[in-house]
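The next block holds one structure in the form of structure tokens; read it before the comments.
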Amino acid sequence: MSEEVENVQQTAVEEPLDLIRLSLDERIYVKMRNGRELRGRLHAYDQHLNIVLGDVEETITNVEIDEETYEEVYKTTKRNIPMLFVRGDGVILVSPPIRGGN
Amino acid sequence: MLFYSFFKSLVGKDVVVELKNDLSICGTLHSVDQYLNFKLVDITVMDGHKFPYMLSVKNCFIRGSVVRYVQLSVDDIDVTLLQDATRKEASK
Amino acid sequence: MAAALEPYVNHTVSVITADGRNIVVSGTLKGFDQTINLILDDSHERVYSMSSGVEQVMLGLYIIRGDNIAVVGLVDEEIDSKLDFSSLKAEPLNQIVH
């Protein structure tokens, strides 16, 4: 295989997972089932969306109903995990690098 | 097979497996299979006061499908090697 | 390598099932297969609650379907025999939420 063809394969986006490949070593956003969100540096993934993230911040959002006003109260808790394997079956979406410091 | 190989390279290291029932089990990785079922030895359940269900269990088997996360030690992982392996696997 | 459970055969195991209610079933592991279906002989359920100590319910010979298994633990019988279950109180375990 010529080097040129190989380069094209490295950068071309033909299927969704190619976009994730381009996010390797970048900070990504992962939305999980059950109100969990992750932000961290992508180190590995596979076709099931099993993922390894480094320097992770997890945000868990719980909805509670106020007993008196019946209003929905959103409670978020955060925690930091230095290195995390995430099982793919819990992943809803993966968003490429967080731009502009968002 | 990327993560199967990945976890095989972590056998003997300490991990925390967080399950989908919110139980976190801390222990030494003893073995892993293709389904990412894990066997841990010398386990303790995190927050053991609240979760005293496995006080007499030192070795356990965890079904891969109930795993939410596995917390790893940064020192046990070569991120460059891991990213290269991921690129290699993705280009197959 | 579902053979991972081979060393547990004919030993007392503690199984955490996927539904929160059936918290711990202890018995002797008689057999298993690659989907982690289990055969447990002489099993009983340990029901945890906050209002009273652990209640033991005799179940006998049980086959549990692999899909409903979360954790299979090898029971250290020496430690287990020293535990005072009558005074052990705990919240029931959550069920597995996929």
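Each chain gets a letter, A, B and so on, in the order its sequence line appears, and its residues count up from 1. Fair warning: this is a prediction, and the values are worked out from it, not measured in the lab.
Around CD of C/Q56, the count of heavy atoms belonging to other residues, nucleotides or ligands within 6.0 Å exceeds 12.
With C/H11 contributing its side chain and C/V9 its backbone, the two residues share a donor-acceptor pair below 3.5 Å. A donor-acceptor contact shorter than 3.5 Å is absent between the side chain of B/K58 and the backbone of C/D76. With C/S43 contributing its side chain and C/G60 its backbone, the two residues share a donor-acceptor pair below 3.5 Å.
Chain B forms more heavy-atom pairs under 4.5 Å with one residue of C/G66, C/A90, C/S81 than with any other, namely C/G66.
Heavy-atom minimum distance, C/V75 versus C/V13: CG2-C, 3.8 Å.
Two rings, from B/F61 and C/Y8, have their centers 6.0 Å or more apart.
B/K8 forms a cation-pi arrangement with B/Y4, by the criterion of a distance under 6.0 Å to the ring centre and an angle within 45° of the ring axis.
Counting only heavy atoms from C-beta outward, the side chains of C/I64 and C/N37 never approach each other to under 4.5 Å. Inter-residue side-chain proximity for B/F51 and C/Y48 is flagged as unmet; no heavy-atom pair is nearer than 4.5 Å.
Against chain C, the residues from residues 63-75 of chain B that qualify, each with a non-hydrogen atom under 4.5 angstrom away, are B/R63, B/S65, B/V66 in number order. Using a 4.5 Å cut-off between non-hydrogen atoms, the part of residues 16-26 of chain B that approaches chain C consists of B/L19, B/K20, B/N21, B/D22, B/L23, B/I25.
Using a 4.5 Å cut-off between heavy atoms, B/K50 contacts chain C through its backbone alone, with no side-chain atom that close. Heavy atoms of B/F38 lying under 4.5 Å from chain C are absent altogether.
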Open item on the list: Applying salt bridge (charged side-chain N to carboxylate O under 4.0 Å, His left out) to C/D19 and C/R65, what does each step give before you reach the verdict?
Closed with: CA-CA 12 Å; C/D19 63 329; C/R65 192 176 146 87; over 6 Å; no
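Ring orientation note: the planes of B/F3 and B/F7 are tilted relative to one another, at an angle of 30° to 60°.
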